[in-house]
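Structure first, commentary second.
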Amino acid sequence: MPSLAPRPDLDSLPKYVPGRTIEGAVKLASNEVPGGPLPSVQAAITAAVTGVNRYPDNGSQALRERLSRRLDVPAERLAIGCGSVSLCQQMIQALCGPGDEVLFGWRSFEAYPIVVQVALATGVKVPLTPEHGLDLDAMLARITDRTKLVFVCNPNNPTGTVLHRDEIERFLEAVPPHVLVVLDEAYKEFVTDPEVPDGVDFTRTHSNVAVLRTFSKAYGLAGLRVGYAVAPEPIAQALQQVYVAFSVSSIAQVAAIASLDAEDELLARCREIISERTRVRDALLEMGYEIPPSQANFVWFPLGDATAAFAEHMLDRKLIVRPFPGEGARVTIGTPEENDLMLAAAKEFQAI
């Protein structure tokens with residue numbers, strides 16, 4: 001009689017590597033914002049604690065209605081999930097069966113190949129351009145009759161590079177109607193390039209486009225896990241069908257709504273991070289590093305084989321960055337003081 005065992009393919013499942021946390025070290029590995037929730041959001045969270053003996057609204061109706069007004073899209077085209085990563089998995093579960101293909105650039109968000117395999121679909125990795133950006137022409141060439149979904153991370157994680165409106169428009173016009181294009185915009189609030197479009201606009205003109213957003217990054221709610229999708233109504237309904245019941249807590253829903261209500265204050269904080277992003281990149285370029293222009297809250301060091309040594313050098317100085325061995329390191333923009341420590345360590349590494 002066979003013994004009880006998990007799926008054999010889990011042995012080959014790519015491992016998601018979270019940013020390390022070490023007591024006393026500066027964490028610049030996980031793209032979190034330096035500040036916590038805004039004061040008004042903290043107050044809303046505190047008030048909501050008294051109701052945690054009740055199950056949350058499984059449909060997140062109040063949050064969907066608030067987003068509907070903000071984005072000017074029907075609530076029926078909105079779905080809520082535990083951050084955009086959960087919605088990525090829900091997208092695949094809702095659209096794909098065994099053998100169906102999911103395309104994404106590589107390197108891009110490291111959860112893509114994991115959630116694809118968990119759903120028994122087939123991941124197709126498309127190399128980036130020499131400029132560390134997504135190669136839409138190459139992605140288009142890899143679409144087949146088996147392709148069901150394409151993830152387009154804009155800005156791309158971990159490189160911070162972006163696609164412009166004309167590039168995305170050409171791509172969408174060429175993608176077959178049976179393929180859903182998911183514009184993953186987790187870092188939208190940090191974008192200053194006027195040529196980077198608001199992906200929600202494409203959902204108004206194309207029946208095969210969805211957009212993912214999260215409250216984990218700019219909104220400072222990474223520990224509460226809440227994000228949303230704007231999608232064609234049948235897709236939004238399918239996302240709800242595969243949603244794990246009650247997984248978005250009542251506190252997360254309240255915090256998300258309060259964050260939307262404090263948007264002016266939030267965007268002012270984002271502008272501080274953007275200013276630091278510019279200062280950090282300029283300093284690194286002056287040191288001689290190749291740092292692609294970033295529209296996210298991090299910068300990318302394409303260090304190749306020197307990546308592991310760079311990460312260890314940073315760790316020796318109590319700075320935690322996110323290495324991708326053999327490729328590069330992603331470094332989150334922190335406070336000015338944290339960034340100064342990182343710049344000093346980066347200058348030391350150049351001298352080695």
Side-chain angles (χ1 to χ4, degrees), residues 64 67-68 71-81 84-106 108-109 111-113 115-116 119-126 133-157 162-186 188 195-214 227-243:
R64 287 171 64 230
L67 286 166
S68 175
L71 300 171
D72 191 25
V73 297
E76 293 75 19
R77 292 209 293 115
L78 289 160
I80 309 299
S84 54
V85 64
S86 176
L87 288 160
C88 288
Q89 184 162 329
Q90 290 170 244
M91 285 280 185
I92 299 167
Q93 291 173 320
L95 271 76
C96 299
D100 288 335
E101 293 180 346
V102 179
L103 264 68
F104 45 88
W106 199 252
S108 192
F109 183 30
Y112 293 154
V115 296
V116 168
L120 299 177
T122 300
V124 179
K125 298 178 179 179
V126 180
L134 298 179
D135 190 335
L136 292 185
D137 290 336
M139 293 173 77
L140 189 64
R142 299 291 299 274
I143 292 176
T144 70
D145 291 341
R146 294 199 300 164
T147 307
K148 292 295 179 68
L149 195 154
V150 178
F151 283 115
V152 177
C153 192
N154 197 38
N156 187 47
N157 174 15
V162 291
L163 297 166
H164 289 161
R165 180 176 292 101
D166 58 344
E167 298 175 276
I168 298 175
E169 287 177 343
R170 287 196 301 270
F171 180 71
L172 294 179
E173 290 302 320
V175 170
H178 75 275
V179 176
L180 180 69
V181 177
V182 179
L183 302 175
D184 188 345
E185 297 184 339
K188 178 73 174 69
E195 294 304 312
V196 177
D198 184 330
V200 174
D201 291 339
F202 292 121
T203 70
R204 309 182 204 280
T205 57
H206 294 74
S207 61
N208 64 335
V209 174
V211 170
L212 299 181
R213 302 259 176 90
T214 184
Y228 63 92
V230 183
E233 186 172 342
I235 301 300
Q237 292 176 350
L239 292 175
Q240 185 62 28
Q241 287 180 287
V242 298
Y243 168 77

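All values reported here derive from a predicted model rather than from experimental measurement.
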Check against side chain to side chain contact (heavy atoms under 4.5 Å, CB included), Gln90 and Val115: CA-CA 9 Å; Gln90 290 170 244; Val115 296; over 6 Å; no

Mind checking whether [X] and [Y] have side chains closer than 4.5 Å, heavy atoms only?
| X | Y | value |
| --- | --- | --- |
| Ile80 | Leu67 | yes |
| Val85 | Phe109 | yes |
| Phe151 | Cys88 | yes |
| Val175 | Val150 | no |
| Phe171 | Leu163 | no |
| Leu239 | Met91 | yes |

Shortest non-hydrogen contact between [X] and [Y], atoms and distance:
| X | Y | answer |
| --- | --- | --- |
| Gly81 | Tyr243 | CA-CE1, 4.4 Å |
| Cys153 | Ser108 | CB-OG, 3.4 Å |
| Leu180 | Val209 | CD1-N, 3.8 Å |
| Ala119 | Gln93 | CB-CG, 4.3 Å |
| Val179 | Asn208 | O-ND2, 3.0 Å |
| Ala231 | Ala210 | CB-CB, 3.8 Å |

Measuring from [X]:[atom1] to [Y]:[atom2], what's the distance to the nearest 0.5 Å?
| X | Y | atom1 | atom2 | value |
| --- | --- | --- | --- | --- |
| Leu149 | Ile143 | CG | CD1 | 10.5 Å |
| Asp100 | Lys148 | CG | NZ | 3.5 Å |
| Lys188 | Thr214 | NZ | OG1 | 14.5 Å |
| Leu87 | Ile92 | CG | CD1 | 11.5 Å |
| Leu140 | Arg142 | CG | CZ | 12.0 Å |

Steps toward side chain to side chain contact (heavy atoms under 4.5 Å, CB included) verdict (Leu134, Asn154): CA-CA 9 Å; Leu134 298 179; Asn154 197 38; 5.7 Å; no

Of all pairs that satisfy side-chain hydrogen bond (donor to acceptor under 3.5 Å, both in side chains), the ones with a partner from residues 164-181, not counting sequence neighbours: His164-Asp193, Glu173-His206

Audit row: Arg213, Asp198, salt bridge (charged side-chain N to carboxylate O under 4.0 Å, His left out) steps and yes/no: CA-CA 11 Å; Arg213 302 259 176 90; Asp198 184 330; 2.8 Å; yes

Exam field: side chain Arg64 to backbone Leu78, donor-acceptor pair closer than 3.5 Å: yes

Donor-acceptor pair, side chain of Glu101 and main chain of Thr144, under 3.5 angstrom: no

Steps toward side chain to side chain contact (heavy atoms under 4.5 Å, CB included) verdict (Thr203, Leu183): CA-CA 10 Å; Thr203 70; Leu183 302 175; over 6 Å; no

Glu233-Gln237 side chain donor-acceptor pair, cut-off 3.5 Å: yes

Ring geometry between Phe104 and Tyr112 (parallel below 30°, tilted from 30 to 60°, perpendicular above 60°): tilted

